[in-house]
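Please see the structure below; I have some questions.
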Amino acid sequence: MSRFNFIYAEEELGHRAKTVYIYLRDRSDASGFCWPGIKTIARELELSPRTVQRALGDLERAGLVEKRQRHRKNGSLTSNLYRLKMKDEQEKSQPSAKGEL
C-alpha cells in the first residue's frame, strides 16, 4: 500500500496541491517537518511561485499542512516551517461515523 493513497483519493484537492503535498512529504523528516522555500519548491516542480503558494493554501485549508513562519536572528523572514499531518493523525482528530469523539 502506498503512503500516498489517501492524497490521491482527496477529491477536494487539485493536482497542484497534491503535487506539492507529495513533494513536502518526500522532503520531510520522520516527524513530518520540512522547511523548503517557495522558490525552491517552484523550481524543482517546475511551477510558478504563485502556484506553489496557492497549493500550500489549499493544503492548509484541507488540514494537511500547518505552516509556521521562521525568523532569522536579525528579525528577517526565512523559509517557513511546514508540518505535514499524516492521514492517521487526521483520522484520530476526526469523530468516527459512529458519533464518537
Side-chain angles (χ1 to χ4, degrees):
M1 182 173 169
S2 169
R3 64 183 182 162
F4 297 114
N5 280 346
F6 82 95
I7 199 73
Y8 300 144
E10 285 287 331
E11 295 178 5
E12 300 296 316
L13 290 178
H15 65 279
R16 68 178 182 224
K18 291 178 182 182
T19 301
V20 171
Y21 181 87
I22 292 167
Y23 175 90
L24 293 175
R25 178 83 184 262
D26 187 51
R27 300 230 171 356
S28 65
D29 62 17
S31 299
F33 288 97
C34 60
W35 48 91
I38 289 175
K39 289 179 184 177
T40 300
I41 299 168
R43 183 182 67 251
E44 291 186 356
L45 292 179
E46 298 181 8
L47 299 171
S48 73
R50 185 64 188 122
T51 296
V52 171
Q53 290 172 334
R54 284 192 299 267
L56 289 168
D58 293 345
L59 291 168
E60 284 183 88
R61 282 186 292 281
L64 293 169
V65 172
E66 293 176 1
K67 176 179 78 173
R68 188 178 341 155
Q69 287 187 335
R70 298 185 319 144
H71 300 274
R72 293 182 182 93
K73 289 182 181 182
N74 67 6
S76 64
L77 291 174
T78 185
S79 63
N80 293 318
L81 176 68
Y82 300 101
R83 180 177 177 272
L84 280 67
K85 289 191 175 180
M86 308 306 176
K87 188 61 176 176
D88 57 334
E89 262 187 89
Q90 279 198 308
E91 289 170 353
K92 288 178 189 173
S93 67
Q94 294 177 356
S96 72
K98 295 178 184 176
E100 297 171 6
L101 293 177

Using the rule given for side-chain contact (heavy atoms from CB on, under 4.5 Å), can you reason through Leu56 versus Ile38, listing the C-alpha separation, both sets of side-chain angles and the distance that settles it, and then say yes or no? CA-CA 9 Å; Leu56 289 168; Ile38 289 175; 4.2 Å; yes
Measuring from Leu81:CG to Lys67:NZ, what's the distance to the nearest 0.5 Å?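 With rounding to 0.5 Å, CG (Leu81) is 11.5 Å from NZ (Lys67).
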Go through the steps to decide whether Tyr21 and Leu13 satisfy the test side-chain contact (heavy atoms from CB on, under 4.5 Å), and finish with yes or no. CA-CA 10 Å; Tyr21 181 87; Leu13 290 178; 6.0 Å; no
Any sub-3.5 Å donor-acceptor pair from Arg70's side-chain atoms to Ser79's backbone N or O?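 Answer holds: yes.
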Is the shortest heavy-atom distance from the side chain of Val65 to the side chain of Val20 under 4.5 Å?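 Heavy-atom side-chain distance check fails, nothing below 4.5 Å.
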About how many Å separate OG of Ser31 and CG of Leu84, when rounded to the nearest 0.5 Å? 11.5 Å
Measure the spacing between CZ of Arg83 and CG of Leu24 and express it to the nearest 0.5 Å.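 Separation between the atoms: 13.5 Å.
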Can you tell me how far the CD1 atom of Ile41 sits from the CZ atom of Arg27, to the nearest 0.5 Å? 9.0 Å
Quick one, Tyr8 with Ile22, criterion side-chain contact (heavy atoms from CB on, under 4.5 Å). Give me CA distance, side-chain angles, the key distance, then yes/no. CA-CA 10 Å; Tyr8 300 144; Ile22 292 167; 3.7 Å; yes
I'd like to know if the side chain of Ser76 and the backbone of Arg72 have a donor-acceptor N/O pair within less than 3.5 Å. no
Atom OH in Tyr82, atom CG in Leu59: separation rounded to 0.5 Å?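 Nearest 0.5 Å value for the OH-CG distance: 10.0 Å.
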From Glu10 CD over to Leu64 CG, what is the distance, rounded to the nearest 0.5 angstrom?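 Answer for the CD-CG pair, Glu10 versus Leu64, is 5.5 Å.
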So, the side chain of Lys85 versus the backbone of Glu66: is there a donor-acceptor pair under 3.5 Å, distance only? no
For side-chain contact (heavy atoms from CB on, under 4.5 Å), just list the numbers for Arg25 and Ile7, CA-CA rounded to whole Å, side-chain angles, deciding distance to a tenth of an Å, and then say yes or no. CA-CA 11 Å; Arg25 178 83 184 262; Ile7 199 73; over 6 Å; no
Taking atom types as modelled, is there a side-chain donor on Arg54 or Thr51 under 3.5 Å from an acceptor on the other?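 Side-chain D/A pair, Arg54 to Thr51: present.
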Measure across Ala42 and Pro49 and return the closest heavy-atom pair with its distance rounded to 0.1 Å. CB-N, 3.8 Å
